[in-house]
Amino acid sequence: SRFSRLSSVARESVPIEFQIDRARGMVQDLAPEIRRSMHVIAKEEVALEQLNTQIDGSEKKVEKDKSEILRLQADLGQGKDLYRYASRSYTSDQVKQDLARRFNRFKVTDETLVNLKSMRDARERNLDAAQQKLASMINARRKLEVDVQNLEAKRKLVEVAQASSDYVFDDSQLARAKELINDIRTQLDVSAKL
């Protein structure tokens, strides 16, 4: 298309050294994004530690409540009229009411624990994905840094080839050398664009 031809001509008119500097700058501009991702990951790791502590506390509470409920059920199974707990006496109906209240609280605590675990699992998956993305970003940035260094080295080779081609060759050799240099420039432009 006409636009792509114009942008190609415009790109070819920009000195390769400027394009390489621009590519180097773009690679350096990735550093803040990488730091931001590292900060987000660190915050998420802290949040997960806190969530795991909360889950541990809830699990202990659920186990304690469960053992107390089982103890009250076992006591009621004895069929007594009065039961003594902590030096106080309770009727069978009072123990049944206490057992019903404890069981309702236990159900809420247990459901909350299930929800907390689901939340933790989802956050762990998100954290894992974020860590993988960060590792990919860091590796891609390193590769881009190497690519920019390679472009710079190729540019220097092109300069050397240009300087030497001005002296020694006859017209046909000079034409072939210039054509080769133009091809190298084109490849450098394409690589810089990529």
Side-chain angles (χ1 to χ4, degrees), residues 1-58 113-194:
S1 76
R2 185 169 180 237
F3 175 75
S4 63
R5 281 197 310 272
L6 287 174
S7 64
S8 176
V9 168
R11 195 168 44 251
E12 289 168 10
S13 69
V14 176
I16 193 87
E17 188 173 351
F18 176 79
Q19 291 188 49
I20 290 173
D21 285 344
R22 185 169 170 247
R24 186 180 293 111
M26 289 172 78
V27 171
Q28 288 170 351
D29 288 345
L30 295 172
E33 178 65 20
I34 288 172
R35 276 195 303 276
R36 190 188 68 75
S37 294
M38 292 170 98
H39 181 70
V40 167
I41 286 170
K43 279 177 66 175
E44 192 60 26
E45 286 172 341
V46 168
L48 261 174
E49 287 173 14
Q50 292 170 345
L51 189 55
N52 279 325
T53 301
Q54 188 179 357
I55 287 171
D56 288 344
S58 291
L113 179 60
V114 168
N115 291 334
L116 286 173
K117 286 181 176 180
S118 295
M119 187 189 319
R120 178 196 55 199
D121 293 345
R123 291 185 92 155
E124 282 177 343
R125 285 191 300 272
N126 290 342
L127 177 61
D128 187 48
Q131 288 170 330
Q132 288 178 20
K133 182 181 175 188
L134 175 62
S136 296
M137 284 172 62
I138 290 170
N139 289 336
R141 181 173 182 239
R142 285 186 187 136
K143 184 184 181 314
L144 288 172
E145 286 170 343
V146 170
D147 289 345
V148 168
Q149 290 170 357
N150 288 339
L151 285 172
E152 181 65 27
K154 284 182 182 180
R155 184 189 65 80
K156 288 178 181 170
L157 285 175
V158 168
E159 286 176 358
V160 169
Q162 281 177 321
S164 62
S165 70
D166 291 338
Y167 302 113
V168 207
F169 302 112
D170 64 25
D171 286 345
S172 61
Q173 288 175 310
L174 185 59
R176 285 196 302 272
K178 286 182 179 179
E179 185 178 324
L180 172 61
I181 289 165
N182 283 334
D183 288 346
I184 292 171
R185 275 194 185 119
T186 301
Q187 289 175 0
L188 286 173
D189 285 346
V190 169
S191 295
K193 178 70 175 166
L194 291 175

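One is the number of the first residue; the rest follow in order along the sequence. Keep in mind it's a predicted model, so treat the numbers as computed, not measured.
Remark: Arg24 engages Asp21 in a salt bridge, criterion side-chain N to carboxylate O under 4.0 Å. Ion pairing between a basic and an acidic side chain is recognised when a charged N comes within 4.0 Å of a carboxylate O; Asp147 and Lys143 show such pairing.
The structure places CD1 of Ile34 at 11.0 Å from NZ of Lys133, a figure rounded to the nearest 0.5 Å. To the nearest 0.5 Å, atoms CG (Leu113) and NZ (Lys117) are separated by 4.5 Å. Here the CG-CG distance, from Leu51 to Asp56, works out to 10.0 Å after rounding to the nearest 0.5 Å. Separating the CG atom in Leu188 from the CD atom in Glu152 is a distance of 10.0 Å, to the nearest 0.5 Å. Atom CG of residue Asn52 and atom CD of residue Glu124 lie 6.0 Å apart, to the nearest 0.5 angstrom. Atoms CZ and CG, from Arg36 and Leu134 in turn, are 10.5 Å apart once rounded to the nearest 0.5 Å.
Considering only heavy atoms from C-beta on, Arg142 comes within 4.5 Å of Asn139 through its side chain. At a threshold of 4.5 Å between non-hydrogen side-chain atoms, the residues Gln54 and Gln50 do not count as touching. Counting heavy atoms from C-beta outward, Ile16 and Val158 have side chains that stay 4.5 Å or more apart.
Here the closest heavy-atom approach between residue Ile41 and residue Ala130 is recorded as CD1-O, 3.5 Å.
Arg120 places no side-chain N or O within donor-acceptor distance of the main-chain N or O of Leu48, the cut-off being under 3.5 Å.
Dense packing is recorded around CE of Met137, with more than 12 heavy atoms of other residues, nucleotides or ligands lying under 6.0 Å away.
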| query | Taking it one step at a time, do Glu159 and Lys156 satisfy salt bridge (Lys or Arg N to Asp or Glu O under 4.0 Å)? | reply | CA-CA 5 Å; Glu159 286 176 358; Lys156 288 178 181 170; over 6 Å; no
| Leu151/Arg155 under side chain to side chain contact (heavy atoms under 4.5 Å, CB included): CA gap, chis, key distance, verdict | CA-CA 6 Å; Leu151 285 172; Arg155 184 189 65 80; over 6 Å; no
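For Gln131 and Glu44, the side-chain atoms include no donor-acceptor pair closer than 3.5 Å.
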